[in-house]
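Along the sequence shown, residues carry numbers from 1. Only heavy atoms go into these numbers, but all of them, side chains included; no hydrogens, no water, no symmetry mates.
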Amino acid sequence: MKKIFLVINFLFFNSHSFSQKFSVIDSVFQFGISRVEIYSTDGDLLGLSDDKGVVHESITKSIMNSKSLEILLLHPSYKTQIVKKSKIFEGGISMEPIIVSLDEVVLVEKLDYKYLKVQVYFRSVQINDDRPHYFMDGIADYYISLRNGDIDADITQWRSFQNNNIKQLDTKGKVQVSFLLAGIPYLNDCLEYKNLINDYSIVKDFNSGNILVNKTGQESGVITENERTKLLNLSLIQESNPIKRNGFGNESIQKVDNVTAIYNKNESDTDMSVDNLVYYKELRIYDIKNKKEKSYQSVEATHEVFVLSKQLTNKINKKSLDEFYNFIPNSNYHTDFWQSINNPYHQAYPDSMMLQFEN
């Protein structure tokens with residue numbers, strides 16, 4: 001009888017836990033934080049909070065089913081939070097905002113220059129079926145044409161790690177195509193306010209900020225701000241409306257493409273441009289498989305860009321430019337650049353995650 005009671009009690013507890021949801025809250029202003037990424041300590045993305053900071057039941061179930069005893073909460077505007085799974089339903093989770101004093105970058109008259117040169121630290125991680133596959137970080141220069149907005153990139157030093165034990169799209173022992181997303185990211189056109197308003201309507205919301213609504217009437221993101229910065233959270237592709245692609249005997253389903261950007265603030269909407277960009281992040285999630293296979297592999301790719309400096313220039317070395325989303329397998333660096341990143345939003349990955357990339 002005791003055993004039966006324990007089993008029933010255990011089942012009740014788990015079903016009760018899975019049916020609950022919780023909120024992620026700003027510890028200073030007490031509002032819900034949207035697009036908080038929730039990871040296991042093994043680096044597995046378990047889900048994201050919604051636009052009001054709520055973590056729903058489906059994600060709760062993933063959290064409780066994970067082997068980790070703790071979860072990591074990541075958001076570029078907040079200090080990384082590590083929480084025990086047993087504590088997540090105790091009144092919500094608070095995250096402490098990063099309070100910074102940003103140095104304003106004053107760009108002189110652009111008429112005599114061809115490019116805006118933006119030096120950055122970037123890092124890129126690709127995870128296949130919950131296992132880290134590729135990691136790359138480095139120092140790079142973006143060159144943005146002041147004439148037509150075209151963007152090029154020159155990576156000056158970098159680190160690369162690769163797990164050679166992971167195979168993709170494997171048929172009868174022969175890998176036919178590599179699905180590779182790691183590398184320096186392209187700066188999406190939506191970072192510019194003038195491009196954003198072409199594709200989205202902006203609806204003011206007193207509680208949530210400015211809501212972005214796409215042309216089908218679906219809420220796709222939000223713009224929030226404080227005294228010093230503006231924050232853009234935008235879902236270019238949502239899991240409710242995935243994009244399917246076929247090619248070379250393979251299938252891919254892109255389920256998520258989320259963009260986050262932080263800007264220095266000025267008195268007009270022109271502050272939402274690369275001129276004022278401080279931080280950029282892109283999260284992509286795919287399911288991929290060979291057409292002959294029954295099951296899909298899950299691929300998650302996270303790209304981050306931390307702006308270090310900006311200047312106007314006429315010089316660009318076309319021969320040294322690099323491709324976007326191109327993994328370079330052999331590290332090439334002359335300084336320990338990752339040790340001192342001069343950007344207030346940079347937070348080092350937890351040691352538990354980095355150890356997996358290095359082993």
Side-chain angles (χ1 to χ4, degrees), residues 76-77 98 100-124 136-159 182-196 223 228-234 259-266 268-283 302-326 328 332-335 337-347:
S77 297
I98 298 172
V100 297
S101 177
L102 297 170
D103 295 330
E104 185 176 357
V105 177
V106 179
L107 297 176
V108 298
E109 180 61 51
K110 295 180 179 180
L111 293 178
D112 296 330
Y113 294 92
K114 296 180 180 179
Y115 302 100
L116 172 62
K117 178 182 176 181
V118 183
Q119 187 180 67
V120 305
Y121 166 73
F122 74 93
R123 64 185 179 193
S124 178
M136 182 177 176
D137 68 346
I139 302 296
D141 296 320
Y142 284 102
Y143 290 89
I144 302 164
S145 171
L146 299 178
R147 180 175 62 86
N148 57 23
D150 287 351
I151 301 176
D152 293 300
D154 179 13
I155 304 173
T156 56
Q157 50 180 329
W158 65 91
R159 293 186 301 171
I184 187 170
Y186 182 78
L187 298 178
N188 196 289
D189 293 341
C190 71
L191 293 178
E192 299 282 340
Y193 185 81
K194 62 182 180 181
N195 297 328
L196 193 66
I223 300 170
R228 297 182 180 275
T229 61
K230 282 189 177 180
L231 171 66
L232 168 68
N233 279 311
L234 179 63
V259 166
T260 300
I262 300 176
Y263 308 84
N264 284 351
K265 186 179 176 182
N266 60 30
S268 72
D269 291 322
T270 58
D271 51 20
M272 292 184 64
S273 72
V274 178
D275 284 2
N276 295 293
L277 185 68
V278 182
Y279 171 84
Y280 173 73
K281 182 174 185 176
E282 184 179 50
L283 170 66
T302 302
H303 309 281
E304 294 179 281
V305 171
F306 302 85
V307 175
L308 304 178
S309 66
K310 302 186 186 86
Q311 68 179 86
L312 296 167
T313 184
N314 288 315
K315 296 180 180 180
I316 182 172
N317 185 356
K318 295 285 187 179
K319 294 182 180 180
S320 66
L321 298 180
D322 296 281
E323 295 181 15
F324 295 109
Y325 306 104
N326 179 43
I328 306 174
N332 183 1
Y333 56 89
H334 51 271
T335 65
F337 59 84
W338 59 92
Q339 298 287 1
S340 55
I341 305 302
N342 187 23
N343 182 295
Y345 296 99
H346 175 261
Q347 299 182 75

Minimal non-hydrogen separation, [X] against [Y], with atom names:
X	Y	value
Gln157	His334	OE1-N, 3.2 Å
Ser124	Gly183	OG-N, 3.0 Å
Asp322	Ile155	OD2-N, 2.8 Å
Ile184	Ala140	CD1-CB, 3.5 Å
Ile262	Pro76	CD1-CB, 3.9 Å
Thr313	Tyr143	CG2-CE2, 4.2 Å

Nearest-0.5 Å distance that lies between atom [atom1] in [X] and atom [atom2] in [Y]:
X	Y	atom1	atom2	value
Met272	Leu232	CE	CG	4.5 Å
Lys318	Asp152	NZ	CG	5.0 Å
Ile316	Ser145	CD1	OG	9.0 Å
Arg228	Asn264	CZ	CG	9.5 Å

**OP:** Please report the C-alpha distance between Thr156 and Gln119 in whole Å, then the side-chain angles of each, then the deciding distance to 0.1 Å, and finally whether the side-chain contact (heavy atoms from CB on, under 4.5 Å) criterion is met.
**Re:** CA-CA 10 Å; Thr156 56; Gln119 187 180 67; 5.7 Å; no
**OP:** Would you indicate whether Asn342, at its atom CG, is surrounded by more than 12 heavy atoms from other residues, nucleotides or ligands within a distance under 6.0 Å?
**Re:**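 Counting other residues, nucleotides and ligands, CG of Asn342 stays at 12 neighbours or fewer.
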Subject >> Lys117 side chain to Lys315 backbone, donor-acceptor under 3.5 Å >> reply: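 No, Lys117 side chain to Lys315 backbone: no donor-acceptor pair under 3.5 Å.
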Original post:
Any sub-3.5 Å donor-acceptor pair from Asn314's side-chain atoms to Lys114's backbone N or O?
Top reply: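 Yes, Asn314 side chain to Lys114 backbone: donor-acceptor pair under 3.5 Å.
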**OP:** List the steps and the verdict of side-chain contact (heavy atoms from CB on, under 4.5 Å) for Tyr263 and Leu191.
**Re:** CA-CA 10 Å; Tyr263 308 84; Leu191 293 178; 3.7 Å; yes
Should [X] and [Y] count as side-chain neighbours, where that means a heavy-atom distance under 4.5 Å?
X	Y	answer
Val274	Ile151	no
Glu304	Lys281	yes
Asn195	Cys190	no
Phe337	Arg159	yes
Leu308	Ile139	yes
Leu231	Ile223	no
Thr229	Val278	no
Val305	Tyr142	yes

**OP:** With sequence neighbours excluded, tell me which residues meet side chain to side chain donor-acceptor pair (under 3.5 Å) with Tyr121.
**Re:**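 Here the qualifying residues are Asp137.
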**OP:** In sequence, state the C-alpha distance, the side-chain angles, and the governing distance for Leu196 and Leu234, and then conclude on side-chain contact (heavy atoms from CB on, under 4.5 Å).
**Re:** CA-CA 10 Å; Leu196 193 66; Leu234 179 63; 3.9 Å; yes
**OP:** Check the angle between the aromatic planes of His303 and Tyr325 and answer parallel, tilted or perpendicular using the 30° and 60° thresholds.
**Re:**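 The arrangement is perpendicular - the two ring planes meet at more than 60°.
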**OP:** Just do the side-chain contact (heavy atoms from CB on, under 4.5 Å) check on Tyr279 and His346 with the steps written out, would you?
**Re:** CA-CA 9 Å; Tyr279 171 84; His346 175 261; over 6 Å; no
